[in-house]
Each structure stands twice: as C-alpha cells, then as structure tokens.
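Notes to accompany the following structure.
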Amino acid sequence: MSKNITISKSGKKSLTFLALFALVGALMLLASKCSASDGKKVSSPDSMENLDPSKYAVEIEKKVEELCNKIDGVSSTHAVVTLRGGYRAIYAADRQSGSSNSKDQIVVIGSGSSEKPLLIGYENPEIAGIGIVCSGGDDARKREEVISVVSSAFDIPTNKIFVVGS
C-alpha cells in the first residue's frame, strides 16, 4: 500500500526555510571548529604585499616611545625594535580528534585548479628585542618601570628589553 504525499506552497516555504536554517547552522559549526593561532595577534586578511615588517617595527617603536614618555620622570625616549622573521599566513584548519590523537586539516575552498586554502589572516612578526634610550633611564627605579610597562604592554620577556639613560 503506497501513499502519495503532496506538499502545499506554504509547506515548501517552510521546508526551504528549514533547509536554509540547517545550512547556516552547519556553517557556524564549521566556523567554530576552524582554528587560527594559539592566542597570538593576527592581522586582518589583507594582501601579503601590503604587509611590511619594517613598517610594523616603526609602529611598535612609536608606541613604545609614547608609552615611555607617559611615565613620570621619563622623557625624550627613542626606541629601536628588532623583529625575528616576518608575517606568517594563518589558514583555517578543521581539527579532527580521534581516539588516540588529533590532527588539523587545512580548510580549502574552490575545486580543481582553483582550489586554495582559506586564509584567516597574518600573524605579526615576533619582537626579538627592544632597545630604549631615554632621559631618566639611568635611574634604576625608572629603568625597572620602563622595562615592566613595555614587557606588559607588548607581551615580551623583560630580558628582551634594554634601557639606558640619555
């Protein structure tokens, strides 16, 4: 015994809405499984040609100088930032966990010859060290304040920061 099932126009709209809702949910689930970098700063996905490590170093130098000049007893600050490496591309990855191990698989978009990995952004270059020359830098307490504030602000170890007086 077979039954014919007919779906009204309003039923078709409901099914279309339900399918669209399920698709959005699946995309949100996929996005939540995609991983970026482990807490590291990431620049927005821009073209690699626009990312210049020397410009990044100059930006950090200016921020260090402004920050240090706000410390009472410190002025005329000049900073030099040294970077290790350059920008690193970060791609979306689907983390697959098994019973004994887990592995990441890069998410690709397109098909055939147009297949390419899904770019999330770029990780900023690592700060290798900061040299700071400032008036007040010859005072041990001010030097310690400068090192502490720069270390905290830029999340780098204190042994990578050197301060001298001018």
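Any value given below was found using the heavy atoms of this structure, including those in side chains, with hydrogens, waters and symmetry copies removed.
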Distance (rounded to the nearest 0.5 Å) between [X] [atom1] and [Y] [atom2]:
| X | Y | atom1 | atom2 | value |
| --- | --- | --- | --- | --- |
| Leu118 | Asp94 | CG | CG | 11.5 Å |
| Glu65 | Ser76 | CD | OG | 10.5 Å |
| Ile60 | Phe154 | CD1 | CZ | 5.0 Å |
| Thr158 | Glu144 | OG1 | CD | 7.5 Å |
| Ile90 | Leu119 | CD1 | CG | 9.0 Å |
| Ile147 | Ile156 | CD1 | CD1 | 10.5 Å |

Are [X] and [Y] in one and the same hydrophobic cluster, where Ile, Leu, Val, Met, Phe, Trp and Tyr link if side-chain heavy atoms are under 4.5 Å apart?
| X | Y | value |
| --- | --- | --- |
| Leu51 | Ile127 | yes |
| Leu83 | Phe162 | no |
| Ile161 | Ile71 | yes |
| Tyr122 | Ile106 | yes |

So, do Tyr91 and Ile120 sit near enough that their side-chain heavy atoms are less than 4.5 Å apart?
->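 Contact flag for Tyr91/Ile120 side chains = no.
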Please tell me if the side chains of Glu145 and Lys142 come closer than 4.5 Å, counting only heavy atoms from C-beta onward.
->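 Answer yes - side chains close enough.
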Could you tell me which residues satisfy side-chain hydrogen bond (donor to acceptor under 3.5 Å, both in side chains) with Glu66, sequence neighbours excluded, listed by chain and number?
->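 Glu66 satisfies side-chain hydrogen bond (donor to acceptor under 3.5 Å, both in side chains) with no other residue.
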Work out which heavy atom in [X] is nearest to a heavy atom in [Y]; give both atom names and the distance.
| X | Y | answer |
| --- | --- | --- |
| Val146 | Cys68 | CG1-SG, 3.6 Å |
| Val163 | Gly137 | CG1-CA, 4.1 Å |
| Cys134 | Val74 | SG-CG1, 3.7 Å |
| Ala153 | Leu67 | CB-CD2, 3.7 Å |
| Tyr87 | Pro53 | CE1-N, 3.8 Å |

Ion pair Lys62/Glu59, N-O distance below 4.0 Å |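 Glu59 and Lys62: not salt-bridged.
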For Asn159, does the CG atom have more than 12 heavy-atom neighbours from other residues, nucleotides or ligands under 6.0 Å away?
->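 It does: Asn159 CG has more than 12 such atoms within range.
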Taking atom CD of Gln105 as the centre, does the number of heavy atoms from other residues, nucleotides or ligands within less than 6.0 Å exceed 12?
->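 Counting neighbours around CD of Gln105, 12 or fewer heavy atoms of other residues, nucleotides or ligands fall under 6.0 Å, so no.
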Has the side chain of Ser135 got a donor or acceptor atom that lies under 3.5 Å from a matching backbone atom of Ser166?
->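 Judged by distance alone, no pair lies under 3.5 Å.
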Checking side-chain contact (heavy atoms from CB on, under 4.5 Å) for the pair Ile130/Lys160: CA distance, chi angles, key distance, verdict?
-> CA-CA 6 Å; Ile130 301 177; Lys160 292 186 175 187; over 6 Å; no
